[in-house]
Amino acid sequence: MSSEEETQQSLPYKVHKSTLKWAPVFNMTILLSIAIISCLIRVFSVIRYESIIHEFDPWFNYRTTQYLVKEGPYALWNWYDSESWYPLGRSVGGTVYPGLMMTSGMIYWVLHKLSIPIDIRNVCVFLAPIFSAFTSLAAYGMTKEITKRSEAGLLSALFVAIVPSYMSRSVAGSYDNEGVSIFALVFTFYTFLKTVNTGSILWGVYTALAFFYMVASWGGYAFIINIIPIFVLFLLITGRSNSRIQVAYNVFYILGTLLAMQIPFVGFQALHSSEHMASHAVFILINFLNFFSWIRNFVSKKAIITLTKFLIVFLVFSILVGVVILTLAGKTQWSGRSLTLLDPTYAKKYIPIIASVSEHQATTWSSFFFDLHYLILFSPVGLYYCYYKPTETKIFGALYTVLGVYFASVMVRLLLVLAPAVSIMAGIGISWAFRKFAKSVRSFILPKIEKPKKYRIPPEIAIIGLVILGYYCSIYVLHANFAGSEAYASPSIILSSRDRQGNRNIIDDYREAYYWLRMNTRPDDKIMSWWDYGYQITGMSNRTVLVDNNTWNNTHIATVGMAMASSEEDAFEICEKLDVDYVLVIFGGILNYSGDDINKFLWMVRIGGGVYPHIKEEDYYGKGTYRVDQYATETMTNSLMYRLSYYRFDEVQTAYGQPKGYDTVRQAVIGVKGYKLRHFEEAFTSENWIVRIFKRKQRENRDGVAFTSKSTSQFTIPKEFSPVTKFSKKANTKQRSTLSFQNNE
Amino acid sequence: MIKFLILILGLVFAGTPNNQKKVLVLSDNPAIYVSHSQFFNLLNKSFRVDYKNIQSNTFNLQLFGEWQYDHLVLFSTTNDLKVSTQELLDFYDSGRNILLLGSTDQSKYFRKFLNSFGLDMHEYGSSVVDYFNNIKGNQNIVTTSNVNILKVDKPVAHQGAGLAMTPYETFQVYGLVRGSETAFSGPNLSHNIIYVGATQGRNNARFVATGSWEILSDEFLNNSNLGNFELAQEIILWGFGQSKILKAENLIHRRLDSDDIKPYNYRLREDCYFSIDIFEWDHQKDKWVPYVSTDNDVILEFVMLDPYYRLPLKKGDGAKYELQFKIPDVYGVFQFKINYLKPGYTFLKIAEKITVRPFRHDEYGRYLVQAFPYYFSSFGTMAGFVVFLIAFLLNK
């Protein structure tokens, strides 16, 4: 027996051999476990609360899914919803990304065909966790396409599966477009990279189909239709383009654009909107260059040079002129949200309605760290690795990460797009580091197998490095676990608090109030509230609302904002014109619930003032700041929002050692006490006063007729009689329009 | 058994003339029973009348939350009522009618009360003077032919204070009898004097006020040259809700080519048919008769935030008012609205909500002539592609 054979028989070598033999099995088992974990970590919300749809937008998706399941896909396509945006209505079929609803509809129908009588609500609640499992599988595939290494893929899959940023949008009950479209995004990239690696038209077709699913489910598809052209352009400029790239891009572009046009909401926007312009330009460019290199075979060298110069100038010039002309002629335009991405201050200056949404704010460092945690430390390693020995796919991964970082820093919600990129990069980076360390250790234990190399990390350092990396990874897992079980498990329509003994108290005011509306108002009553609660009211109360979270009509929202910001009399006129029966306000002054309407009120004023200039923000600032106490301005204390929120608030004591009428959120005693409402009456106030509902009274019998002046020179002209019933331009004057006799004769 | 008795009793009482509307007359001057006997005769013909002293405590407007009377006649005095003005206003706002006969020296109480109806009385003690339109040269007994809403042919005489209001009829406050151009009153020489003013509440309750008692006194009512007798009749009919009462019913809207009444929704650009029956109460025949508007002024509005149409309804058979029109090219929740606020008539406010939906995906036109170049080019491309494929595959 030779010494070599002896060493082969020793234990470490045996372990090494059998491990290599069983590696594919390990691989699959680990991947499967990751998929299962990604599902399970997201059901904390169901365990802690109940199987319920969360937040705001999911309620619309849920309602639409219910409609789809009941009426069928064609009815959804043609659904004209007269219960929202009264009286404008909303043509849902043409303004919705139906991918999410169709997915859960499919699952529902298939399960029912298999005689599994599942409720559609449970399909909706658990859809996002299931898709997160698919996402981790797709991330595995994508990383494998980038690095050709399955260990990097496994780490990436693990990171994606539990990254808190993605978890925040895909816990059970968070039934939103992002839940399925992050899967679609990663899967599209996976298939695209596969096409780039293989040059296969078939995989190109798969890419287009995956892209189609992405377009069907989320407006974020614009990210894909821009990043792939940018990637191709990058390769063209750096001279790395080849026939595989051409195949991949052409198949993706032609089929993808055609398929995107099949979604009613996108339609011809796929041709003329600015978001798609880059894809058209790159398509022209790549085929033109192809054509040019073909011509080169037939023309002399000298002619080529002049031709090149001429053509480059011509091409650049014509594309520029084309884009400018289209933009000036209004044929193509940037949507507000896209412009916000290019110029982060744009929305703040011009579109308050976009700026008012918290998820459109610029990202803070704390949320970067909370949502991505150690991944932001790991991912630069992967990024370095990608630039270190670039291939096409690595360049793609790096580009995706860099662009993702830019978008994520502009808007909080786009952290979601960055999360897979960072996870994949971190997976690549960590696995690279692990590999280096492991090689060193292995060469120490099994000196015969590893080839000798000039430089290798000393094994002691390698072991320490492994321990440290393993420690950080486990910290990340713990953090993700905390985020999944505590931070992102709250459905936000059910609040919870802990008392001194540590018991959980469930605060269920929202559902209490919505249920009251459902049971105690007429079916065709119209509810006016700020748009945040529109989807919930239509979803849970089944009543008509004026505005909702689909903020498609700024003017209508501004009208509601104006009504809230106007005095009671003026608000009554607006409400009467809009047939409002109930006004719903959210008030947190008793429970110290800071997300209430008084805190959102400045946005109502800003949005209202954007359309109706008589509403001025500074009128609502007392002594230079926004306040509700005795220094609040008269405009502020007269506004409908103030009056409704604080109606009879001065009769309760909210905090120990404070006088009655102490607002716990604003930490001040309210400025106006003991007032009465003339045109509205309190209809319902929930247990903790979070939801307050007021009924609009009928116009008084002799309203506008009675007068008290002894002089008859001043008469009030009833509003109904005045020939043009426009909204009063005076926001805060109690005095009505008065006309003297002489003027009217 | 007791229940049965109560039922019987109820039936008995329901059948008696108790069913008649009850009028309460309040005054503190017994002389009116003599001076206004004609007027009270007219009242007695159609109502059960209670006479009470204004200051007595022997009457209750309201008992256990139930109003005891349907109409109220007030002879204003220098004294205040025991009842607060608010209770009188509540009486009115509950849909009951009030007739106020004012006087030049009436108390502040009644002035305030008048103000609540958009009317005002001229200064204390002042009475209307007219040097051109008067009786027997007495400039204080003035006459006028300017009678609105009510049907009086002869000139009407008036003696006493004048009322003031806007110089035109608003949709709620009317000058039933207006002074002539030459009449004036008080130290400020006010013009545009109202002799009889009226207010109709949004609930169609009616309030009539005069500047003085005399306008309904026997002295003027018995004078056959004057229209005061007709005026008294008309005031009782109109003021106590027997004439110019309208009702609308049987609202129908449908697609022009369909019998499906009140469909769930319409599609934009569809032809739509709308009709409604409007009746007027005929107190002589004691039944509803078709209402005929001479002015073609029953307007249908088709509203979503703003009116998209404002069209006069055409008079059809019987009480029917109808119209057919094309739904506009806008979708939304529309309302058929009729706001019939004709002075003197009960208000008709009708709103019917319908949904106008956009085209379904399969309702758009297909194979349009102007689209043939596109069809041709796309089919041409397909054919060309097939030819190219064959050529490419065979041409090795």
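Scope of the values below: all heavy atoms of this structure, side chains included, with no hydrogens, waters or symmetry mates. Proteins come first, then strands; the chains are lettered A, B, ... in the order of their sequence lines, and each starts at number 1.
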Worksheet entry | Pair A/K577 + B/D306, salt bridge at N-O below 4.0 Å | yes

Worksheet item: For B/Y92, is it the side chain, the backbone, both, or neither that has a heavy atom closer than 4.5 Å to a heavy atom of chain A?
Response: both

Response to the item:
Rounded to the nearest 0.5 Å, the OG atom of A/S82 sits from the OH atom of B/Y331 at a distance of 13.0 Å

Worksheet item: In this structure, are over 12 heavy atoms from other groups packed under 6.0 Å from B/K108 atom NZ?
Response: no

Worksheet item: Checking A/D579 against chain B: side chain, backbone, both or neither under 4.5 Å from a heavy atom?
Response: side chain

Worksheet item: Distance-only, no hydrogens or angles: does the A/R702 side chain make a donor-acceptor pair with backbone N or O of B/S116 under 3.5 Å?
Response: yes

Practice prompt. Please round to the nearest 0.5 Å and tell me the distance separating atom CG of A/N701 and atom OG of B/S94.
Written response: 9.0 Å

Worksheet entry | Test side-chain contact (heavy atoms from CB on, under 4.5 Å) applied to B/V333 and A/T544, step by step | CA-CA 11 Å; B/V333 181; A/T544 308; over 6 Å; no

Worksheet entry | Closest-packed option against chain A by number of heavy-atom pairs under 4.5 Å, given B/G201, B/A205, B/G95 | B/G201

Item to complete: Answer yes or no: is there a donor N or O on one side and an acceptor on the other, between the side chain of A/N78 and the main chain of B/R360, under 3.5 Å?
Response: no

Practice prompt. Drop me the distance from B/T355's OG1 to A/Y80's OH, to the nearest 0.5 angstrom.
Written response: 6.5 Å

Fill in: Backbone N/O of B/G332 and side chain of A/Y86: donor-acceptor pair under 3.5 Å
no

Practice prompt. Starting at NZ of B/K353, measure out to NZ of A/K526 and round the result to the nearest 0.5 Å.
Written response: 3.0 Å

Discussion item. Are there over 12 heavy-atom neighbours, none belonging to A/I201, within less than 6.0 Å of that residue's CD1?
Written reply: no

Worksheet item: With a 4.5 angstrom heavy-atom cut-off, which part of B/V303 approaches chain A: side chain, backbone, both or neither?
Response: neither

Discussion item. If you count every heavy atom of other residues, nucleotides or ligands that lies below 6.0 Å from B/E181 atom CD, does the total exceed 12?
Written reply: no

Worksheet item: chain A: which of B/L305, B/V330, B/D362, B/T199 shares the most heavy-atom pairs with it under 4.5 Å?
Response: B/L305

Practice prompt. Select one option (side chain, backbone, both, neither) describing which atoms of B/Q335 are under 4.5 Å from chain A's heavy atoms.
Written response: side chain

Worksheet item: Does the pair A/Y74 and B/H361 meet the rule for a side-chain contact (heavy atoms from CB on, under 4.5 Å), with working shown?
Response: CA-CA 9 Å; A/Y74 280 104; B/H361 70 279; 3.1 Å; yes

Fill in: Structural part of A/E700 lying under 4.5 Å from a heavy atom of chain B
backbone

